[in-house]
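Here is the structure we will look at.
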Amino acid sequence: MRQPRLSSVVERRLLVNYQVDPDIARRLLPAPLRPQLVRGHAVAGVCLLRLGRVRPTGLPGAFGLRSENAAHRIAVEWDGPDGVETGVYIPRRDTGSRVNAWAGGRLFPGEHGRADFDVRETPDRLHVACATRDGEARVEVTVDLADELRGSGLFADLAEASRFFREGAKGYSATGAGRHLDGMQLHSTAWHVEAGLVRSATSSFFDDPDRFPPGSATLDCALVMRNVPAGWLPLPALAVA
């Protein structure tokens with residue numbers, strides 16, 4: 001079945017980013033993917049995403065759905081037919097929406113687990129907590145909005161960070177079958193990113209010493225998108241070794 005293009009509004013996209021040892025990141029990736037390096041580091045993180053008005057492109061926004069979602073991500077590159085391509089590998093996606101959990105991997109790419117979210121937002125502060133129902137992942141982050149990106153070892157400034165994530169808009173998600181990755185590409189003609197100042201952040205994924213030995217994953221920065229119209233284009237599945 002042909003999967004539809006989707007339209008939506010990114011009501012809130014909180015990217016919490018980590019510097020990761022490239023050798024450690026490489027162990028988490030299926031071939032043909034490899035870590036995309038920035039200043040000698042792999043880049044990984046969690047995307048805490050609230051989408052509104054999600055519907056097949058062409059339908060009015062009034063018919064769209066709203067959901068809270070979380071995706072663990074590693075920035076990657078691979079050799080495509082026209083040269084090196086960039087994007088993210090997503091080892092797990094989770095959602096607060098029963099519709100997304102059922103439809104992901106069926107009606108649109110990306111299998112989703114179920115999760116519960118606790119969200120508290122003001123114009124200047126975001127607090128998002130997520131706990132997956134299988135008990136495998138927990139995230140809790142508090143971020144203040146800032147006028148510039150400070151203290152990042154990955155990016156020199158907000159413009160560089162924004163450009164990096166805009167150019168890496170292809171996402172390939174792990175699937176239960178394990179023989180291929182589901183693909184989806186984000187695009188927006190109104191791309192806008194704000195800087196975040198992390199007040200606190202915990203992640204059972206990145207804080208796990210068996211997955212990331214001490215010192216191999218370091219919190220780097222946070223970025224925020226709010227109220228940005230966005231489309232989602234299904235990509236051909238990517239075979240993995």
Side-chain angles (χ1 to χ4, degrees), residues 1-11 13 15 17 25-26 28-38 42-59 64-65 67-95 97 99-113 161-191 193 223 225 228-241:
M1 180 175 64
R2 185 176 180 180
Q3 295 168 320
R5 297 188 181 199
L6 301 176
S7 295
S8 69
V9 173
V10 175
E11 296 183 359
R13 187 185 191 209
L15 294 173
N17 304 304
R26 193 171 292 111
L28 302 175
L29 300 176
L33 304 180
R34 56 186 181 266
Q36 183 184 8
L37 303 187
V38 176
V43 183
V46 185
C47 173
L48 298 165
L49 175 69
R50 184 171 66 240
L51 290 175
R53 305 181 197 174
V54 181
R55 75 279 185 194
T57 298
L59 285 182
L65 301 176
S67 62
E68 287 282 355
N69 308 277
H72 290 75
R73 306 147 42 97
I74 302 171
V76 294
E77 61 182 28
W78 64 97
D79 296 321
D82 299 316
V84 176
E85 299 187 45
T86 61
V88 295
Y89 169 65
I90 304 168
R92 68 174 297 148
R93 290 185 182 271
D94 296 284
T95 181
S97 165
V99 173
N100 286 6
W102 177 82
R106 294 182 175 94
L107 300 184
F108 57 82
E111 298 173 10
H112 288 67
S162 176
R163 184 168 56 252
F164 177 83
F165 288 102
R166 186 169 193 171
E167 292 175 352
K170 293 180 179 179
Y172 281 98
S173 305
T175 60
R179 295 186 296 271
H180 72 276
L181 305 177
D182 281 350
M184 184 79 88
Q185 183 173 1
L186 165 67
H187 61 91
S188 175
T189 59
W191 183 274
V193 172
L223 302 171
M225 296 176 69
V228 173
W232 305 86
L233 174 66
L235 299 172
L238 183 66
V240 296

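Since the structure is predicted, the reported quantities are computational estimates derived from the model, not experimental observations.
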[atom1]/[X] to [atom2]/[Y] distance, rounded to the nearest 0.5 angstrom?
X: Glu68; Y: Arg50; atom1: CD; atom2: CZ; value: 5.0 Å
X: Leu186; Y: Cys47; atom1: CG; atom2: SG; value: 9.0 Å
X: Asp94; Y: Leu48; atom1: CG; atom2: CG; value: 10.5 Å
X: Ile74; Y: Leu28; atom1: CD1; atom2: CG; value: 4.5 Å

Can you find a heavy atom in the side chain of [X] that is under 4.5 Å from one in the side chain of [Y]?
X: Leu15; Y: Arg73; answer: yes
X: Leu238; Y: Leu33; answer: yes
X: Pro35; Y: Leu29; answer: yes
X: Phe108; Y: Asp182; answer: no
X: Phe165; Y: Trp191; answer: yes
X: Trp232; Y: Leu51; answer: yes
X: Tyr172; Y: Ile90; answer: no
X: Leu181; Y: Thr175; answer: no

Next on the checklist: I'd like to know whether CZ of Arg53 has more than 12 heavy-atom contacts from other residues, nucleotides or ligands below 6.0 angstrom.
Outcome noted: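 Counting neighbours around CZ of Arg53, 12 or fewer heavy atoms of other residues, nucleotides or ligands fall under 6.0 Å, so no.
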Next on the checklist: Tell me if the CZ atom of Arg179 is crowded by more than 12 foreign heavy atoms within 6.0 Å.
Outcome noted: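 No.
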Item to check | Chi angles and distances behind the side chain to side chain contact (heavy atoms under 4.5 Å, CB included) call for Val84, Asp79 | outcome: CA-CA 5 Å; Val84 176; Asp79 296 321; 3.7 Å; yes
Taking [Y]'s backbone N and O only, do any of them form a donor-acceptor pair with [X]'s side chain (distance below 3.5 Å, no angle check)?
X: Arg13; Y: Leu223; value: no
X: Ser7; Y: Arg55; value: no
X: Gln36; Y: Thr86; value: no
X: Thr95; Y: Ala101; value: no

Could you report the tightest heavy-atom contact between [X] and [Y], atom names first, then the distance?
X: Met184; Y: Pro109; value: CE-CD, 3.5 Å
X: Ser67; Y: Ser97; value: CB-CB, 3.7 Å
X: Pro4; Y: Leu107; value: CD-O, 3.2 Å
X: Ala230; Y: Val10; value: CB-CG2, 3.8 Å
X: His112; Y: Gly104; value: ND1-CA, 4.1 Å
X: Gly178; Y: Val240; value: O-CG2, 3.4 Å

